[in-house]
Amino acid sequence: MHNDAIPGVEFIDNANQRTPCVLVLDASGSMAGEPLKQLNLGLKVFEEQLKSDLSAALKVQVLVLAVGGHDDVEVIQPWVDAVDFKAPTIEAGGLTPLGAGMTTALNEVQQQKLVYDENGISSTRPWIIVLSDGCPTDLDWEQSADACRKAEEDKKVVIFPIGTEGANFAALGQFSNKSAKKLKGLNFTELFVWLSRSMTTVSASVPGQKVRLPSADEWAEVEI
């Protein structure tokens with residue numbers, strides 16, 4: 001269980017290699033209604049799927065960020081092992097500060113890597129999933145996008161940009177060296193099933209390997 005007072009306490013009884021995964025979720029006003037309903041259902045599926053595999057439940061760590069308001073980035077789920085992950089409920093409102101969200105995500109994975117190192121825990125390359133139905137609204141988002149692509153080039157993270165109908169895919173794609181994917185309708189459940197299966201595959205692999213993911217496109221293989 002995550003414990004803010006004692007960093008690393010979760011490693012005392014579970015010294016397994018970790019596979020860190022950050023979800024950067026658009027919580028702007030335009031997500032209100034059915035999109036948000038389906039997103040929250042998808043998060044519950046993500047929780048169930050991860051917990052259904054004993055190895056992934058002990059090895060995958062999840063952190064969830066919600067971006068909305070004027071320039072707000074909220075950690076709605078601090079780092080936690082999947083076995084203890086409880087799907088949060090996202091609430092929508094405001095704008096879409098994706099740049100601030102992605103900068104926070106990069107900082108979070110950097111800090112968590114230090115925690116792993118301090119506790120002698122090996123880890124695979126962190127994944128950052130960024131999901132939006134629009135376009136970044138913060139003024140300096142392109143600087144954040146540059147930093148994200150550089151982090152990928154330096155093999156510090158793997159970033160997957162995903163948009164719903166109406167999203168600015170050109171902008172989303174700038175946060176990664178991979179092009180942004182379009183979600184089929186509001187099928188967040190299918191997305192989170194793919195993500196949980198991918199996490200299960202990665203968590204069972206050795207850092208530095210290339211692994212095959214349950215996909216047939218350019219996301220079919222990644223180095224971890």
Side-chain angles (χ1 to χ4, degrees), residues 21-53 56 60 62-70 72-77 80 82 85-102 104-105 127-138 141 145 148 158-176 178-202 213-220 222:
C21 178
V22 179
L23 304 179
V24 180
L25 305 178
D26 186 340
S28 61
S30 59
M31 286 288 290
E34 192 63 21
L36 201 63
K37 176 183 176 182
Q38 294 302 320
L39 173 58
N40 284 323
L41 287 174
L43 286 170
K44 291 184 183 298
V45 170
F46 186 50
E47 173 191 337
E48 294 165 0
Q49 291 280 318
L50 285 178
K51 289 180 176 178
S52 69
D53 184 280
V60 176
V62 182
L63 181 136
V64 184
L65 301 173
V67 295
H70 174 64
D72 300 330
V73 180
E74 181 182 0
V75 179
I76 57 175
Q77 171 58 70
V80 66
F85 175 60
K86 303 291 184 184
T89 299
I90 310 295
E91 297 180 357
L95 303 176
T96 315
L98 287 181
M102 292 300 286
T104 300
W127 280 28
I128 300 176
I129 311 298
V130 53
L131 179 62
S132 177
D133 71 340
C135 181
T137 54
D138 35 1
W141 71 268
C148 287
V158 182
I159 299 173
F160 296 91
I162 303 165
T164 64
E165 184 73 40
N168 186 324
F169 291 92
L172 279 177
Q174 291 189 50
F175 286 101
S176 172
K178 298 178 289 300
S179 58
K181 260 194 177 184
K182 182 177 180 181
L183 194 69
K184 299 176 184 175
L186 293 175
N187 202 341
F188 292 102
T189 296
E190 180 180 285
L191 167 64
F192 283 109
V193 168
W194 170 83
L195 179 57
S196 62
R197 289 177 178 172
S198 297
M199 287 285 93
T200 297
T201 299
V202 172
L213 302 178
S215 176
D217 56 18
E218 65 172 312
W219 290 7
V222 296

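Note that these values count all heavy atoms, side chains included, but never hydrogens, waters or copies made by symmetry.
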Item checked: side chain to side chain contact (heavy atoms under 4.5 Å, CB included) evaluation trace for Leu23 with Leu43 -> CA-CA 10 Å; Leu23 304 179; Leu43 286 170; 3.7 Å; yes

Next item on the list: List the steps, then state whether side chain to side chain contact (heavy atoms under 4.5 Å, CB included) holds for Phe160 with Leu195.
Entry: CA-CA 10 Å; Phe160 296 91; Leu195 179 57; over 6 Å; no

Check: Would Val158 and Lys178 satisfy side chain to side chain contact (heavy atoms under 4.5 Å, CB included), going step by step from the backbone distance to the final call?
Finding: CA-CA 9 Å; Val158 182; Lys178 298 178 289 300; 3.8 Å; yes

Next item on the list: Verify side chain to side chain contact (heavy atoms under 4.5 Å, CB included) between Cys21 and Val202, making sure each step is shown before the conclusion.
Entry: CA-CA 11 Å; Cys21 178; Val202 172; over 6 Å; no

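Atoms CD1 and CD1, on Ile159 and Ile128 in that order, are 4.5 Å from each other to the nearest 0.5 Å. Note that the CG atom of Leu186 and the CG atom of Leu39 stand 10.0 Å from one another [nearest 0.5 Å]. With values rounded to the nearest 0.5 angstrom, Asn168 atom CG is found 8.5 Å from Gln174 atom CD. Considering CG of Asn187 and CZ of Phe192, their distance stands at 11.0 Å, rounded to 0.5 Å. With rounding to the nearest 0.5 Å, the separation of CE in Met31 from CD in Glu91 is 13.0 Å. To the nearest 0.5 Å, the span separating CG on Asp53 from CZ on Arg197 amounts to 11.5 Å.
Scanning both residues, Leu36 and Ala92, for their nearest heavy atoms gives CD2-N, 3.5 Å. Of all the heavy atoms in Gly101 and Val67, the pair that sits closest is CA-CG1, 3.5 Å. Contact detail for Pro136 and Phe175: the closest heavy-atom pair is CG-CE1, 3.9 Å. The minimum heavy-atom distance between Asp138 and Ala100, with the atom names listed, is OD2-N, 2.7 Å. When all heavy atoms of Asp133 and Ser30 are compared, the pair lying nearest together is OD2-OG, 2.9 Å. Asp26 and Ser132 get closest at one heavy-atom pair: OD2-OG, 2.8 Å.
For the pair Lys181 and Trp194, the cation-pi criterion (under 6.0 Å, within 45° of the ring axis) is fulfilled. Judged by the 6.0 Å distance and 45° axis criteria, Lys51 is not positioned over the aromatic ring of Phe85.
Between Leu95 and Ser28, every side-chain heavy-atom pair lies at or beyond the 4.5 Å cut-off. With a 4.5 Å cut-off on side-chain heavy atoms, Val24 and Thr104 do not count as touching. Taking the side chain as every heavy atom from C-beta outward, Thr164 and Phe188 approach each other to under 4.5 Å.
Residues satisfying the side-chain hydrogen bond (donor to acceptor under 3.5 Å, both in side chains) criterion with Glu165, sequence neighbours excluded, are Lys182.
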